[in-house]
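Below is one structure, written out as structure tokens, with a few remarks after it.
Quick note on labels: first sequence line is chain A, next is B, and so on, each numbered from 1.
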There are 2 protein chains.
Amino acid sequence: MKEHDHTQLLHDVDCQMPKDEVLAELSELFAVFGDTTRIKILWALFESEMCVCAIAELLHMTQSAISHQLKLLRHAKLVGSRRDGKTVYYFLADDHVRSIINQGMEHISE
Amino acid sequence: MKEHDHTQLLHDVDCQMPKDEVLAELSELFAVFGDTTRIKILWALFESEMCVCAIAELLHMTQSAISHQLKLLRHAKLVGSRRDGKTVYYFLADDHVRSIINQGMEHISE
DNA sequence: GTATCATATGAGCAAATGATCATATGATAA
DNA sequence: TTATCATATGATCATTTGCTCATATGATAC
């Protein structure tokens, strides 16, 4: 396969590309949204903060599965948590979550 | 593990949840953004439409790998394509792509 | 202290994913 | 037609992912 010439275009596009590091971080962020369970958790938290076992009950999944996913969401800074006695409540970290999900919804509902 | 009671909350949250079908579609969309290669392709197309082998050269990847990924992007309706002779040019399908990626960038740069 | 509830976490495993290789298809030129 | 370029696609394989199970940790009540 001999490639035809794109030298100029490639140069221009390459200049506009953010660092690999940034793009990796970006794709990791979207990967967090890229799972049904995690999307459901985030959507649930739109309404109200919730404890782990409530989310588990809502989604008909084990406490362990939910806890593992919440760990990912926390790492991505999409949710925060607060402890009240034995219970840990999770909540949306900021409004970017809503914005991103809303943009996604717009795209699929066309 | 006996669960404590969340009946009222669960009912309220459940009412606000979109159908599983919709949430699945939504997470599949974000999953497409959730890969470094695909994010790079989309970012490249911000600048200009490009043919497959130009993208491959830009990302230092094989034509085959890029072609497989473009298929996914096409399926998600994030890119479109047009043929000109032997060459196929890919371009961003609409502005949702830009909006979604911009929101993501905002989140990680805080 | 012990018992119990709520949550977190490590190991293991089946399923999904992303790249490569070989090959097929589509288009143009000679 | 044959040769070549550009792209698409199927098979394969190593890596990653998401769940389950068992167990650990943390907090409260007794």
With a 4.0 Å cut-off, would you call B:Glu49 and B:Arg82 a salt bridge?
yes

Do A:Asp94 and A:Lys77 meet the salt-bridge criterion of a basic N to acidic O distance under 4.0 Å?
no

Nearest whole Å is fine: how far is [N] [atom2] from [X] [atom1]?
X       : N      : atom1 : atom2 : result
B:Leu72 : C:dA16 : CG    : C1'   : 12 Å
A:Leu59 : D:dT20 : CG    : C1'   : 16 Å
B:Ile66 : C:dA19 : CD1   : P     : 8 Å
B:Tyr89 : C:dA27 : OH    : C1'   : 14 Å
A:Lys71 : D:dT17 : NZ    : P     : 14 Å
A:Glu28 : C:dG18 : CD    : P     : 13 Å
B:Ile55 : C:dA19 : CD1   : C1'   : 17 Å
A:Lys40 : D:dG18 : NZ    : C1'   : 14 Å

The helix from C:dG1-D:dC30 to C:dA30-D:dT1: angle between its terminal axes, five pairs each, to 10°?
10°

Give one of base, sugar-phosphate or nothing for B:Tyr90, where a contact means two heavy atoms less than 4.0 Å apart.
sugar-phosphate

Classify A:Thr87 by what it touches in the nucleic acid, base, sugar-phosphate, or nothing, heavy-atom distance under 4.0 Å.
sugar-phosphate

Within the pair A:Gln69 and D:dT17, is there a side-chain N or O less than 4.0 Å away from OP1 or OP2?
no

Looking at A:Asp84 and A:Tyr89, what are the two nearest heavy atoms and their distance?
CB-CE1, 3.9 Å

Main-chain N/O of A:Met105 paired to A:Ser109 side chain as donor or acceptor, under 3.5 Å:
yes

Where the side chain of B:Arg98 meets the backbone of B:Ile100, is there a donor-acceptor pair that is under 3.5 Å apart?
no

Going by heavy atoms in the side chains, are B:Gln69 and B:Asp35 under 4.5 Å from each other?
yes

Where along nucleotides 21-30 of chain D does protein come under 4.0 Å, by heavy atom, of base (B) or sugar-phosphate alone (S), with - for untouched nucleotides?
BB---BBS--

Can you classify the ring geometry of B:His107 versus A:His96 as parallel (below 30°), tilted (30 to 60°) or perpendicular (above 60°)?
perpendicular

Starting from A:Leu72, can I reach A:Val79 by hopping between I/L/V/M/F/W/Y residues whose side chains sit under 4.5 Å apart?
no

Going by atom types alone, do B:Gln8 and B:Asp12 pair a side-chain donor with an acceptor below 3.5 Å?
yes

